[in-house]
2 protein chains.
Amino acid sequence: MDNLISVATENFLKTVYTLGNSIGKNTRPGTVARELGITNAAATDMARKLSAKNLLDYTKYRELKLTSEGEKMALGVIRKHRLWETFLHRVFGLSMHEIHREAEQLEHFTSDFLTERLSLFLGHPTTDPHGDPIPDASGVFNNGNTEVLPLSQATEGEKYTVSRLQGSDKEYFDFCQQNDLKVNSVIRIINRYPNNRMTEVEVKKRKLLLHEDLTSTITVSKMPSSLEFHNRKRQNP
Amino acid sequence: MDNLISVATENFLKTVYTLGNSIGKNTRPGTVARELGITNAAATDMARKLSAKNLLDYTKYRELKLTSEGEKMALGVIRKHRLWETFLHRVFGLSMHEIHREAEQLEHFTSDFLTERLSLFLGHPTTDPHGDPIPDASGVFNNGNTEVLPLSQATEGEKYTVSRLQGSDKEYFDFCQQNDLKVNSVIRIINRYPNNRMTEVEVKKRKLLLHEDLTSTITVSKMPSSLEFHNRKRQNP
DNA sequence: TTTAAAATTTAAGCTAACTTAAATTATATT
DNA sequence: AATATAATTTAAGTTAGCTTAAATTTTAAA
Ligand SMILES: [Mn+2]
Ligand SMILES: [Mn+2]
Ligand SMILES: [Mn+2]
Ligand SMILES: [Mn+2]
């Protein structure tokens with residue numbers, strides 16, 4: 001009865017968690033397999049094994065569902081991943097596209113002890129450089145629960161702040177950087193062209209015409225920073 | 001033809017390197033096995049495999065000898081290990097006995113890219129907190145070549161500085177800390193009692209009577225810090 | 001409702017990294 | 001030099017985590 005958890009298992013659980021919490025995606029073995037770069041057969045096999053370990057529920061041909069134990073593990077890995085990303089960006093100055101690659105490895109070899117030192121050192125951050133929320137040590141997200149939505153669904157005329165950038169490659173982050181599309185940037189929706197799946201926005205006095213391929217990767221919230229500012233003023237008159 | 005290097009391989013090569021550079025130790029499979037906590041059979045098996053990959057030379061019943069490629073790999077792992085130890089101690093404040101455990105894992109999952117960022121951040125240190133030398137990116141040690149020797153072989157009456165503490169557990173480092181036996185501490189040999197394997201030393205005005213079990217783990221050099229100071233003064237008049 | 005396409009599962013097999021047990025070789029002692 | 005002891009190697013077997021290929025089931029289309 002080997003109770004040690006492997007890299008393959010951690011990545012599998014993490015992927016099931018992430019797919020399960022993404023809109024328009026499913027957690028069937030094939031989807032997990034594609035995500036991890038393994039075959040469907042391997043994913044099915046792993047699903048049976050993890051089911052036997054009570055880390056997920058598996059019924060043939062159905063979607064995979066994490067047990068609470070499995071979810072706790074997934075959140076543990078995600079916590080380590082995002083803390084490392086935050087660290088690598090803030091302390092070593094790695095760029096947005098570099099941090100993921102390194103964190104993808106480090107997340108599996110960081111003890112809980114070290115993880116808490118890391119979190120402490122960083123001042124217990126609640127989001128990573130991509131704007132992804134960081135669960136606390138017990139797996140709870142403590143992010144102000146402002147409503148978020150993809151920029152592709154934002155309303156014409158409204159103002160938002162960028163809360164997450166969900167792309168992954170260098171080109172994506174270079175483009176965002178170049179055009180001031182950063183976490184916490186303020187963005188105003190000028191025009192929407194639903195038929196052409198385009199959105200015209202204003203960022204730092206500049207107008208951009210963005211395709212849904214991009215706007216669907218950018219999460220925004222309805223001016224949470226101004227709300228925050230408002231709250232602070234009230235508490236601290 | 002899988003050219004990727006595994007954790008097992010890295011640990012094996014590192015162990016062969018370390019044993020080969022320790023006095024009174026050998027690099028036969030059994031010794032490596034004991035060090036790694038695996039069976040002799042597993043070590044022999046690994047020796048054959050690594051020999052096939054040209055990472056070491058293996059002749060039945062003889063000691064293992066790293067090839068230059070194998071040694072380069074071992075030094076790469078050692079570099080990562082010691083840089084992480086330095087980092088964990090200096091930046092996260094982990095104690096002497098905690099850093100090794102964490103570094104033992106991290107050393108295998110740190111890209112060369114990240115390693116150089118780590119080294120840069122630390123100011124390219126040449127020794128870790130235990131006083132162990134850190135090879136540079138091409139596997140070369142750049143430590144002033146002052147002669148070192150175990151405290152157990154130091155000369156009565158002479159003064160030395162501590163250059164390495166080679167123990168590993170909490171008790172060991174707690175004892176050293178408590179008695180000012182730290183890297184760079186100045187130490188004077190008052191008396192040697194070879195028959196009883198004891199050495200009486202003076203550290204910070206305090207006298208200590210130490211058994212060879214301890215003195216053989218402490219490496220000293222003949223006042224390298226004063227020599228260094230001397231050299232600096234000459235160069236910078 | 002039947003059928004074709006797509007996805008999933010099962011079956012069989014591989015490799016790395018171990019294990020235990022038996023056989024072999026080296027080494028140390030008389 | 002013979003022999004007992006210790007170390008090493010070989011042999012056989014296990015497990016995790018994959019693979020490819022075949023069989024099965026689901027789903028979508030006709
Ligand atoms: Mn990973
Ligand atoms: Mn992230
Ligand atoms: Mn290691
Ligand atoms: Mn060290």
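This is a predicted model, so every value here is computed, not measured.
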**Asked** Taking atom P of D:dG17 as reference, at what distance in whole Å does atom CD1 of A:Ile5 sit?
**Response** 9 Å
**Asked** Contact class for B:Ala43 (heavy atom, under 4.0 Å): base, sugar-phosphate, or nothing?
**Response** nothing
**Message:** Between A:Arg82 and A:Glu107 (salt bridge meaning N to carboxylate O under 4.0 Å), is one present in this structure?
**Reply:** no
**Asked** Out of D:dT19, D:dG17, C:dC18, which nucleotide sits closest to the side chain of A:Ala42?
**Response** D:dT19
**Request:** Kindly point out which of D:dT19, D:dC18, C:dA17 is positioned nearest to the side chain of A:Asp45?
**Result:** D:dC18
**Message:** Run the ring pair (Phe, Tyr, Trp, His ring centres under 6.0 Å) test against B:Phe175 and tell me which residues pass, sequence neighbours left out.
**Reply:** none
**Prompt:** Are B:Asp112 and B:Lys80 within salt-bridge range, i.e. N to O under 4.0 Å?
**Reply:** yes
**Request:** Enter the distance from A:Asp128:CG to A:Thr86:OG1 here, rounded to the nearest 0.5 Å.
**Result:** 5.0 Å
**Of all pairs that satisfy ring pair (Phe, Tyr, Trp, His ring centres under 6.0 Å), the ones with a partner from residues 27-84 of chain A, not counting sequence neighbours** = A:His81-A:His100, A:Trp84-A:Phe87, A:Trp84-B:Trp84
**Complete:** When rounded to whole Å, the CD1 to C1' distance for the pair B:Ile38 and C:dT20 reads 15 Å
**Prompt:** Listed by chain and number, what are the ring pair (Phe, Tyr, Trp, His ring centres under 6.0 Å) partners of A:Tyr17, not counting sequence neighbours?
**Reply:** none
Expected rows: protein N/O vs nucleotides 13-15 of chain D N/O, under 3.5 Å:
none

**Asked** With a 4.5 Å limit on heavy-atom distance, are the side chains of B:Arg79 and B:Ser119 in contact?
**Response** yes
**Item:** Residue list, salt bridge (charged side-chain N to carboxylate O under 4.0 Å, His left out) with A:Arg197, at least two apart or on another chain
**Value:** A:Glu212
**Request:** Check each residue of residues 12-25 of chain B for a non-hydrogen atom within less than 4.0 Å of any atom in DNA chain C, then write out the ones that pass by number, or none.
**Result:** none
**Item:** Closest listed nucleotide, where the reference is the side chain of A:Ser6 and the choices are D:dG17, D:dT19, C:dA17
**Value:** D:dG17
**Message:** If the condition is side-chain contact (heavy atoms from CB on, under 4.5 Å), which residues does A:Ile5 pass it with, not counting sequence neighbours?
**Reply:** A:Thr9, A:Glu10, A:Leu55, A:Met73
**Request:** Could you check how far CG of B:Leu4 sits from P of D:dG17, rounded to whole Å?
**Result:** 17 Å
**Request:** Could you state the atom-to-atom distance from NZ of A:Lys53 to C1' of D:dA16 in whole Å?
**Result:** 8 Å
**Prompt:** Using a heavy-atom distance cut-off of less than 4.0 Å, which residues of residues 71-78 of chain B contact DNA chain C?
**Reply:** none
**Item:** Value in whole Å for how far the P atom of D:dT19 lies from CG of A:Leu36
**Value:** 10 Å
**Message:** Rounded to whole Å, how long is the line connecting atom CG of A:Asn11 with atom P of D:dG17?
**Reply:** 11 Å
**Residues which pass side-chain contact (heavy atoms from CB on, under 4.5 Å) with B:Ala42, listed by chain and number, not counting sequence neighbours** = B:Ile38, B:Thr39
**Asked** Under 6.0 Å from the six-membered ring centre of B:Phe121 and within 45° of its axis: does the NZ or CZ of B:Arg90 meet both?
**Response** no
**Prompt:** Is A:Lys14 salt-bridged to A:Glu104, cutoff N-O under 4.0 Å?
**Reply:** yes
**Message:** Using the ring pair (Phe, Tyr, Trp, His ring centres under 6.0 Å) criterion, which residues pair with B:Tyr172? Sequence neighbours excluded.
**Reply:** none
**Request:** Under the ring pair (Phe, Tyr, Trp, His ring centres under 6.0 Å) rule, collect the residues that match up with A:His108, sequence neighbours excluded.
**Result:** none
Please list each protein N or O that sits under 3.5 Å from an N or O in nucleotides 4-8 of chain C, with the distance.
| unit_1 | atom_1 | unit_2 | atom_2 | d |
| --- | --- | --- | --- | --- |
| C:dT8 | OP1 | A:Arg28 | NE | 3.3 |
| C:dT8 | OP2 | A:Gly30 | N | 3.4 |

